[in-house]
Amino acid sequence: MKKLLITALSVFSLTAQAGFMDGAHNWNNGSSDPFKSAIKAAESGYKANLAVNMAWRDTGSMIKEAKKLNAAGKTAAAVALANKAHHQSMNATAQTALAESAGPRF
């Protein structure tokens, strides 16, 4: 009985964790087009950063360049650039939290 219980719990825990494992950050929001999901994630993060005045300098231009690359038919390069822009927006969001507590410590 113990073996069956341990096996069942192991299988359950592995299947529960499968959704949390890093798969190169699949930001698929219901779209079968990888560029659409990547650019949507990048734009939403960038807009959130603009709202709190903590957007990074190059993120907007990276999004524009990714759209141009996609229009030119260079989908792989466009997805890579959109993912890079999304990483920048995530880092800017993390920096926002740190900037709130910045200041001199006496």
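Cluster membership check: I63 does not share its hydrophobic cluster with L69, using side-chain heavy-atom separations under 4.5 Å among Ile, Leu, Val, Met, Phe, Trp and Tyr.
Look at E43 and K67 and you find a salt bridge, because one of the NZ, NE, NH1 or NH2 atoms lies within 4.0 Å of a carboxylate O, short of that distance.
Note that CE of M62 and OG of S89 are 10.0 Å apart. Values are rounded to the nearest 0.5 Å. For the atom pair OG1 (T93) and CD (Q88), the distance works out to 11.5 Å, reported to the nearest 0.5 Å. Atom CG of N83 and atom OG of S37 lie 8.0 Å apart (nearest 0.5 Å).
Across every non-hydrogen atom of A55 and L50, the tightest pair is CB-CD2, 3.6 Å. Minimum heavy-atom separation, A92 to M54: CB-O, 3.5 Å. Across all non-hydrogen atoms, the minimal contact from P34 to V79 is C-CG2, 4.1 Å. In terms of heavy-atom proximity, A82 sits nearest to A42 at O-CB, 3.6 Å.
Side chains of N49 and T59: a donor-acceptor N/O pair is absent below 3.5 angstrom, by distance only.
Side-chain atoms of H86 and Y46, non-hydrogen and from C-beta on, never get closer than 4.5 Å to each other.
For the salt bridge (charged side-chain N to carboxylate O under 4.0 Å, His left out) condition, no pair includes a residue of residues 47-62, sequence neighbours left out.
Looking at residues two or more places apart in sequence or on another chain, you find no salt bridge (charged side-chain N to carboxylate O under 4.0 Å, His left out) involving K74.
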